[in-house]
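Data block below; observations after.
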Amino acid sequence: MATIAWIGLGNMGHPMTANLVGAGHTVRGFDLSAPALEAAAADGVIAAGSSTEALAGAEIAFTMLPRGEHALAAYQGPDGIFANAAPGTLLIDCSTIDVASARTLHDEAAAAGFEFLDAPVSGGIAGAQKGTLAFMVGGEPDVVEKARPFIEPMAGNIIATGEATTGQAAKICNNLMLFINMVSTSEAAVLADRLGLDHRVFHSIASVSSGDSWPLRTWYPYPGVVDSSPANNDFAPTFTADLANKDITLALAAAEETDTPLVLGTIVQEMLQQVSDAGAGDRDCSIVKKIVDGTFPS
Ligand code: NAD
């Protein structure tokens with residue numbers, strides 16, 4: 001069993017580390033947020049006072065942070081991972097970040113003599129809790145194989161995506177579909193409601209029909225239909241609207257760079273921006289249903 005450093009113990013990092021602890025690994029964790037650190041410690045993570053303290057004795061280090069700037073801050077500088085990890089520590093960033101920041105991390109890791117992977121995940125909090133996340137892993141094939149046994153307790157699927165940064169590329173494209181499907185689910189759910197369909201009846205039909213999607217099965221936007229839906233808890237966050245906006249904005253930026261018209265992606269980004277602008281970016285992203293039914297921002 002390994003000693004693993006983990007930086008970023010939020011909605012995703014906390015349940016991911018719980019699965020590593022459950023598999024018998026020693027996990028030394030750090031988060032800037034004291035409540036996040038305490039919650040992870042309650043599930044067996046050894047709470048560290050800094051990222052350098054978390055790295056002590058670790059042979060592998062994971063980061064699970066919100067955005068590119070947070071990941072860069074965690075790795076760079078005198079207090080960062082590159083300056084303080086022991087030689088030979090395998091470094092894996094699971095955050096969803098822009099390809100340019102991922103490229104910087106790969107390059108700086110190589111310059112500092114570390115093996116590094118970009119390994120964003122899909123599956124949400126439920127997938128993190130159950131240990132069934134899909135990992136999209138960009139980097140050298142032998143490094144991916146070296147990382148595989150450490151990732152396995154958290155994963156349903158581990159897919160090598162190719163060269164450095166292709167994990168992030170896959171994640172950005174996947175989440176473009178995710179958030180378009182989230183809005184399409186909201187539109188259909190609100191219309192079904194107004195046409196007099198029972199929520200459970202419509203959900204049971206769509207989930208075995210051609211309208212099926214991950215948001216339909218996981219985030220159905222009316223309460224009492226799907227156990228995992230944030231609608232059951234007044235849209236308490238599982239995946240915040242701000243992070244969803246971040247992801248779809250990454251897709252739009254990549255589309256601009258590659259001259260790819262994203263008509264639906266542009267509309268969905270505008271809806272998520274409306275949520276963020278109204279100060280509700282910390283609520284679950286599936287709150288866009290309230291834009292569709294006209295009750296936002298109440
Ligand atoms: P979160 O905001 O709940 O957690 C991030 C944590 O990182 C916070 O607790 C924050 O305090 C901590 N942090 C920030 N900078 C830090 C630093 N320098 N050192 C230590 N800790 C630091 O976010 P999340 O929902 O766990 O998402 C993390 C990443 O995973 C994001 O990139 C997100 O897009 C991606 N993701 C989220 C989901 C989801 O369903 N929530 C699913 C797949 C991927």
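Start at 1 with the first residue, then count along the sequence. Indexing begins at 1, ligand by ligand and atom by atom, following the structure's order.
Summary of contacts: the protein heavy atom closest to atom 44 (C) of ligand 1 is Val121 O, 3.6 Å. The protein heavy-atom contact nearest to atom 26 (O) of ligand 1 is Met12 N, 2.9 Å. If you check which protein heavy atom lies closest to atom 27 (O) of ligand 1, you get Leu243 CD1, 3.8 Å. Looking at atom 6 (C) of ligand 1, its nearest protein heavy atom turns out to be Asp31 OD2, 3.5 Å.
Below 30°, between 30° and 60°, or above 60°: for Tyr75 and Phe82 the angle between ring planes is between 30° and 60°, a tilted geometry.
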Problem set entry | CA sep, side-chain torsions, deciding dist, call: Asn245, Val275, side-chain contact (heavy atoms from CB on, under 4.5 Å) | CA-CA 9 Å; Asn245 193 7; Val275 176; over 6 Å; no
For this session: Go through Ile81 and Thr63 one step at a time and tell me if the side-chain contact (heavy atoms from CB on, under 4.5 Å) criterion holds.
Result: CA-CA 10 Å; Ile81 294 169; Thr63 43; 3.5 Å; yes
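Salt bridge annotation for Asp107-Arg103: present, with a cationic side-chain nitrogen under 4.0 angstrom from a carboxylate oxygen. Salt bridge status for Lys171 with Asp118: absent, with no side-chain N to carboxylate O gap under 4.0 Å. By the 4.0 Å N-to-carboxylate-O rule, Glu115 lies close enough to Lys146 to be salt-bridged with it.
Backbone and side-chain nitrogen or oxygen atoms of Ile7 are examined, and none is located within less than 3.5 angstrom of a nitrogen or oxygen of ligand 1. Considering backbone and side-chain N/O of Leu65, one or more are found under 3.5 Å from N/O of ligand 1. In terms of polar-atom proximity, defined here as any N/O pair under 3.5 Å, His70 makes no such contact with ligand 1. At a 3.5 angstrom cut-off on N or O pairs, Thr238 counts as close to ligand 1. Backbone and side-chain nitrogen or oxygen atoms of Ser122 are examined, and none is located within less than 3.5 angstrom of a nitrogen or oxygen of ligand 1. Taking distance alone, with nitrogen or oxygen atoms compared against 3.5 Å, Arg67 stays at or beyond that limit from ligand 1.
Residues Val121 and Met64 are in side-chain contact: their nearest non-hydrogen atoms beyond the backbone lie under 4.5 Å apart.
Which parts of ligand 1 touch Gly10 is read off a 4.0 Å heavy-atom cut-off, strictly below it: atoms 3 (O), 4 (O), 6 (C), 9 (O), 26 (O).
The minimum heavy-atom distance between Ala231 and Pro223, with the atom names listed, is O-CB, 3.6 Å.
At a 4.0 Å cut-off, at least one heavy atom of Lys171 sits close enough to ligand 1 to count as contact. Heavy atoms of Ala73 stay at 4.0 angstrom or farther from ligand 1.
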